[in-house]
Amino acid sequence: MTPDLEATLKRLPDRPGVYLMKDTRGDVVYVGKAQSLRNRVRSYWQKQAPGGEIHRIRSVIDRVADVEYTMTDSVSEALLLEANLIKRFKPRFNVRLKDDKSYPYIKVTLGDDFPRVERTRKLVNDGSRYFGPYASASSVDESMNLVRRLFPFRTCTIDIHDGQRALQRPCLLYHIKRCQGPCIEAINKADYRADIEQVELFLEGRQETLVKALQREMDGSAERTDYERAATLRDKIRAIERTMESQKMAAFARTELDLVGMARQDNQAAMTLFVIRDGKLIGRDVYLLEAARDATDDEVLTSFLEQYYARATSIPREVYAPLGIGGTSELEAFLAERRGGPVHVRVPRRGEKRELMGLATRNATETLAREQARWLADQGKTLAALEELAEALQLPGPPLRIECYDISNFQGRESVGSMVVFEDGKPRSGEYRRFRIRTVEGSNDVASHQEVLRRRFRTAKAGEEGNEEARRWAMPDLVIVDGGKGQVSAAKAVLDELGLHDLPVAGLAKEREELFLPGRRDPIVLPPTSSALYLVQRLRDEAHRFAITYHRNLRDRRTVRSAFDDLPGVGPKRKRELLKVFGSIKRVREAPVEQIAAVPGIGRALAERIKATLEA
């Protein structure tokens with residue numbers, strides 16, 4: 001910890017707020033919120049710090065050079081500011097919604113005498129009312145088309161004021177009854193505003209309230225013998241009722257709630273949001289998030305709810321989530337402040353809401369699988385990614401076969417290496433290989449990489465000499481190791497040692513997603529939207545997953561070993577007999593030799609050896 005950072009931590013206030021962790025380059029690597037900035041931020045540097053989020057970003061703490069903070073009056077304000085800062089800086093270690101651009105909204109320009117209804121991606125405090133956010137432009141288009149069919153309103157940008165005729169002749173929309181003609185004073189401000197209020201009710205999902213109001217207006221028009229107006233209202237009511245009938249979910253009478261389903265795979269998550277108003281499912285959207293592989297489900301879900309509702313314009317009375325989350329009271333206070341009334345975050349345990357949660361989760365799972373498969377299925381994009389990678393690394397041609405290596409260990413123990421293979425941009429799981437590190441003591445990634453590469457490419461040399469098994473190990477067009485300059489130099493040394501001087505090798509550093517080449521001082525930085533970057537990230541993530549899975553299996557196997565496994569001459573059968581008689585290794589140690597010898601299959605000589613081993 002630098003003296004400046006230590007001084008910053010000492011003067012942190014005991015107040016709510018938001019903090020930004022920065023590295024030596026000044027880049028924001030993490031954004032967080034806190035009830036107490038002093039307690040929260042300092043906890044990251046404590047040895048025994050609880051909390052999944054703190055544990056998850058422990059690896060970044062050593063790179064933090066500075067902490068900036070902004071105090072707020074409440075945790076609710078901190079939540080809103082945190083969501084905006086995550087969207088602005090896109091820090092690597094935060095869970096964040098995948099939106100290269102802002103989500104779309106429907107905007108009603110209430111600041112005008114004759115408001116317009118339009119789509120927008122900007123939230124501006126100009127007196128307008130916003131509905132959303134919608135997950136995609138197609139969702140907005142669907143809603144806008146439906147509103148246009150049901151309600152006539154102006155779409156032009158002409159400056160129209162009450163009591164002033166703006167045009168001599170109306171446009172075509174007026175003649176086909178898609179606009180009431182405020183530009184020629186065919187409708188006054190009060191009547192036009194009443195129609196816009198109907199649009200707002202419809203966008204809120206309160207169709208039943210709207211139908212009742214239109215029914216009263218239709219009855220009034222009929223009593224006044226204004227049958228043409230009554231017929232128009234009748235047709236509008238029927239159209240709205242048909243829309244209501246098309247919404248199959250009608251199980252929650254008078255209910256106003258949002259329901260969120262979640263699915264996760266690798267470093268992505270999908271959230272399905274069901275919007276229910278007046279007992280009707282009026283909206284279904286799916287949102288994708290970038291989430292670190294070791295982030296907990298609690299953290300991913302909490303981050304989504306905070307970021308979504310920080311920009312949402314409609315907050316329901318109830319929000320149903322697939323699992324309980326920490327900080328529920330803080331989230332409820334934040335939502336209540338935005339809604340202007342109480343909001344409860346719950347987990348459905350039984351009944352119809354539980355069934356609907358299952359449907360939302362299945363939708364999220366299907367969407368996530370489709371999203372991940374779409375990139376792989378797009379052969380054109382895959383070839384473009386390989387060509388882009390070849391150009392960036394100055395390869396003679398697209399690397400159709402790529403091998404990626406990673407090392408995993410826990411405090412220097414049970415070190416393992418992994419090799420994953422991608423051909424034509426697709427994983428070849430049948431050719432994945434894993435290696436148990438034999439010659440390296442402690443945590444030494446560089447030496448471990450060298451052992452793995454040496455063993456792998458010696459096998460390739462054996463294949464050249466006629467070994468049938470080794471021939472299955474086809475030579476790659478590119479080798480990628482997880483790491484920076486040190487790992488790349490070590491890998492190059494092994495390849496040169498084995499005579500593979502022309503085999504390209506590169507390193508992918510986790511911190512800034514930079515590619516390193518042997519003998520080159522400066523790294524290669526691919527654009528954030530690059531298909532080649534996405535390809536090498538998938539390779540690195542797959543190698544990491546394969547390595548850590550093998551490492552955990554070995555660690556779990558070691559954990560379940562007992563002292564019985566180390567007894568000389570005791571196999572599985574004799575172990576079962578000893579456990580059946582004594583129940584524990586402690587009782588075996590305390591028992592006399594004669595009692596141990598009486599166990600079936602043991603005998604005097606073996607009993608003496610067992611006793612000597614345990615006493616030693």
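All values derive from a computational prediction rather than experimental measurement.
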Just by distance, do the side chain of [X] and the backbone of [Y] share a donor-acceptor pair under 3.5 Å?
X	Y	result
N363	T272	no
Q164	E185	no
D258	V319	no
D112	F114	no

Task: Short N-O contact, R264 and D297, less than 4.0 angstrom - done: yes
- [ ] Output yes when D126 and K107 qualify as a salt bridge under the 4.0 Å nitrogen-oxygen rule, no when they do not.
- [x] yes
Side-chain H-bond candidate by donor/acceptor type, [X] with [Y], under 3.5 Å:
X	Y	answer
T232	D235	no
D298	T296	no
S43	N39	no

Is any side-chain heavy atom of [Y] closer than 4.5 Å to one of [X]?
X	Y	answer
L203	I106	yes
R154	Q180	no
V343	R317	no

- [ ] Evaluate the salt bridge (Lys or Arg N to Asp or Glu O under 4.0 Å) criterion for residues K189 and D113: first the C-alpha distance (whole Å), next the side-chain angles of each, then the deciding distance (0.1 Å), finally the verdict.
- [x] CA-CA 7 Å; K189 178 179 178 179; D113 284 354; 3.5 Å; yes
Open item on the list: I'd like to know whether the aromatic ring centres of Y287 and Y308 sit less than 6.0 Å apart in this structure.
Closed with: yes
Task: Ring centres under 6.0 angstrom apart (F334, Y309) - done: no
Task: Residue from R234, R229, K236 passing salt bridge (charged side-chain N to carboxylate O under 4.0 Å, His left out) with E217 - done: R229
TODO: Give the minimum heavy-atom separation between L37 and P13, together with the two atoms involved.
DONE: CB-O, 3.5 Å
- [ ] Could you tell me whether F153 atom CZ has more than 12 heavy atoms of other residues or ligands within 6.0 Å of it?
- [x] yes
